[in-house]
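In the text below, chain A, chain B and the rest are named by the order of the sequence lines, each starting its count at 1.
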There are 2 protein chains.
Amino acid sequence: MPAVPAAQQRPADGGIRRRRAGRPSSAVLDKAGITAAALELVSRKGYDGLTMAALAKELDVAPSALYNHVTSKQDVLLLVEDHLMSLVDVSGFGTGTWEEAVRRWAWSYRDVFAEHTPLIPVIAVLPVTDAPQTLAMYETVSKGFLDAGFPPEQIIPAIVALESFIFGSAYDVTAPADIFDSGTMAESTPHFTAAVRDAAAGAGRGRPADTAFSLGLDALVSGLGVLRRANPME
Amino acid sequence: MPAVPAAQQRPADGGIRRRRAGRPSSAVLDKAGITAAALELVSRKGYDGLTMAALAKELDVAPSALYNHVTSKQDVLLLVEDHLMSLVDVSGFGTGTWEEAVRRWAWSYRDVFAEHTPLIPVIAVLPVTDAPQTLAMYETVSKGFLDAGFPPEQIIPAIVALESFIFGSAYDVTAPADIFDSGTMAESTPHFTAAVRDAAAGAGRGRPADTAFSLGLDALVSGLGVLRRANPME
DNA sequence: ACCACTAAATGAATGCCATTCATTTATAAG
DNA sequence: CTTATAAATGAATGGCATTCATTTAGTGGT
């Protein structure tokens, strides 16, 4: 029984020395720690900087050690994705009106994933089964739609339609400001060029992406809202 | 002056021999050929199979030769993306009503990119400047919106909102059928689980993605449609 | 007709990346 | 106490985009 537990051993050198091989006395890694380190890494270096090697270094561990806790890099992305879902604001459901709740949810959902667009392809194919936070969000939103009088069989399609708009809009946030600059070909695209100019002049306040998101969200909310109480009950 | 041009030389061996080093008599590669080969490769092996090495092999060329014509793989994706834009059906604009034209455009746009979702992140950041087909599509659609009575400064935001929905919906098409299977956690998410069941029962005909897309598109078309003629003129 | 320049190919690196495997050590179970 | 399992290391492995030196063929200028 040594006086100093092995986990704390960092002798008189500068902390440069690596851990010796073999199972450590207390586990260094777990999923929560990996998730946190991945998020930290992403916020510091972006998704290009999120490599298994960099993640291992962040956790002061050999890259291969990660594979005792996750089966692949995709698995890490899944952990991050599920964590982010817990940041989406669903607090409107149950307190305010359906419209207000959906708007708050949609804006927050878009804002969260605008910072994490590389995860969007992951989500799209992700089975919800092993993503508890994601499941929790869907549960709250589903209940909100049901309570608002949506016909049960339309709830999922309505949520999916909103989500599709949200994911697409998240990409839009990251677009460069001059994305619609038609350059040398401006003469051959007069209507488009004029429309771009007018849009820039019209919506001076706020990001262009916000203008489009607001416009589309209004349309979706009012368009989907008419489905409510289409059933005789309540 | 040789009787047989060098470009045709494929001697008595099985055609296995490689081209000898140095500039060939007539150019082997150009952007159109690279684009076509990339599309062929993608349709045969998917986007995972689209590597610079595989593309080179498809064109019977050394990988490094590609870099005389494109600056990066991103550049290849850009060529493919612009080509796909020419496949989007804008024929409704100018012939039918605005609503019909938008619907046809949106469905076709979604269908094209549902087969090419890995390009969506590319499009989102792509400056339109060096994408002539893309620019042509925007020109036609912009004119269609203008002729339909949209206020000029709202045309681009409306198109962007629709596009965001379209891109998100394209991902949705590729989602596995059981994506919403809540598995062992079904008990803790009763409303969501019921909604998924009811949705499956309700919309038996057609893919689930089509139901959601149809619903969202209806909402957007009617919601955006009210913007028309909001200006006093015409 | 010659010469320099540029365009377009080859083939051999380079460096990064995710992943696997053999090995080592510690803990837990029977 | 013995055996199995969990969790770490470190050394491959194979694939990938990209770069570079080299070779050859057209092109433009004098």
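- Between B/Tyr47 atom OH and D/dC16 atom C1' there is a gap of 18 Å when expressed in whole angstrom units.
- Below the 3.5 angstrom threshold, one finds a donor paired with an acceptor across the side chain of B/Asn68 and the base of C/dA9.
- Contact check, B/Arg20 against D/dT22: no side-chain N or O comes under 4.0 Å of OP1 or OP2.
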Output side-chain donor-acceptor pairs under 3.5 Å for residues 169-176 of chain B, partner residues at least two apart or in another chain, one line each.
from     : atom 1 : to       : atom 2 : distance (Å)
B/Ser169 : OG     : B/Phe165 : O      : 2.7
B/Tyr171 : OH     : A/Tyr171 : OH     : 3.0
B/Thr174 : OG1    : B/Tyr171 : O      : 2.7

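- B/Trp105 has its side chain out of reach of B/Thr140: every pair of non-hydrogen atoms, C-beta onward, lies at least 4.5 Å apart.
- Phosphate proximity of D/dA8 to A/His69: present, with a side-chain N or O under 4.0 Å from OP1 or OP2.
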Donor-acceptor pairs are to be reported for all side-chain atoms of residues 28-37 of chain B against protein atoms at under 3.5 Å, with residues two or more places apart or in another chain.
from    : atom 1 : to      : atom 2 : distance (Å)
B/Asp30 : OD1    : B/Gly33 : N      : 2.8
B/Thr35 : OG1    : B/Lys31 : O      : 2.7

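- Distances shown here put every side-chain N or O of B/Arg23 at or beyond 4.0 Å from the OP1 or OP2 atom of D/dG26.
- Residues meeting the side chain to side chain donor-acceptor pair (under 3.5 Å) test with B/Ser91, sequence neighbours left out: B/Asp89, B/Arg104.
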Between the protein and nucleotides 16-20 of chain C, which nitrogen or oxygen pairs are less than 3.5 angstrom apart?
from   : atom 1 : to      : atom 2 : distance (Å)
C/dA18 : OP1    : A/Met52 : N      : 3.4
C/dA18 : OP1    : A/Lys73 : NZ     : 3.0
C/dA18 : OP2    : A/Met52 : N      : 2.8
C/dT19 : OP2    : A/Tyr67 : OH     : 2.9
C/dT19 : OP2    : A/Lys73 : N      : 2.8

Would you tabulate the side-chain donor-acceptor contacts of residues 117-130 of chain B under 3.5 Å, counting partners in other chains and residues two or more places apart, or write 'none'?
from     : atom 1 : to       : atom 2 : distance (Å)
B/Thr129 : OG1    : A/Asp181 : O      : 2.8

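- In this structure, B/Leu77 places its CG atom 12 Å from C1' of D/dA17, rounding to the nearest Å.
- For A/Asp198, there are no salt bridge (Lys or Arg N to Asp or Glu O under 4.0 Å) partners two or more places apart in sequence or in a different chain.
- Partners of A/Tyr47 by side chain to side chain donor-acceptor pair (under 3.5 Å), not counting sequence neighbours, listed by chain and number: A/His116.
- When all heavy atoms of A/Val80 and A/Ala38 are compared, the pair lying nearest together is CG2-CB, 3.7 Å.
- Defining each end axis of the helix from C/dA1-D/dT30 to C/dG30-D/dC1 as the rotation carrying four pairs' C1' atoms onto the next four, with five pairs an end, the two axes are found to diverge by 10° to 10 degrees.
- With sequence neighbours excluded, the residues that form a side chain to side chain donor-acceptor pair (under 3.5 Å) with A/His191 are B/Glu139.
- Between A/Arg19 and D/dT9, a side-chain N or O to OP1/OP2 separation shorter than 4.0 Å is present.
- Contacts with DNA chain C (heavy atom under 4.0 Å) in residues 27-39 of chain A: none are found.
- Take B/Thr134 and apply the side chain to side chain donor-acceptor pair (under 3.5 Å) test, not counting sequence neighbours, and it matches B/Asp82.
- Under the salt bridge (charged side-chain N to carboxylate O under 4.0 Å, His left out) criterion, the residue pairs touching residues 46-59 of chain B are B/Arg44-B/Glu58, with sequence neighbours excluded.
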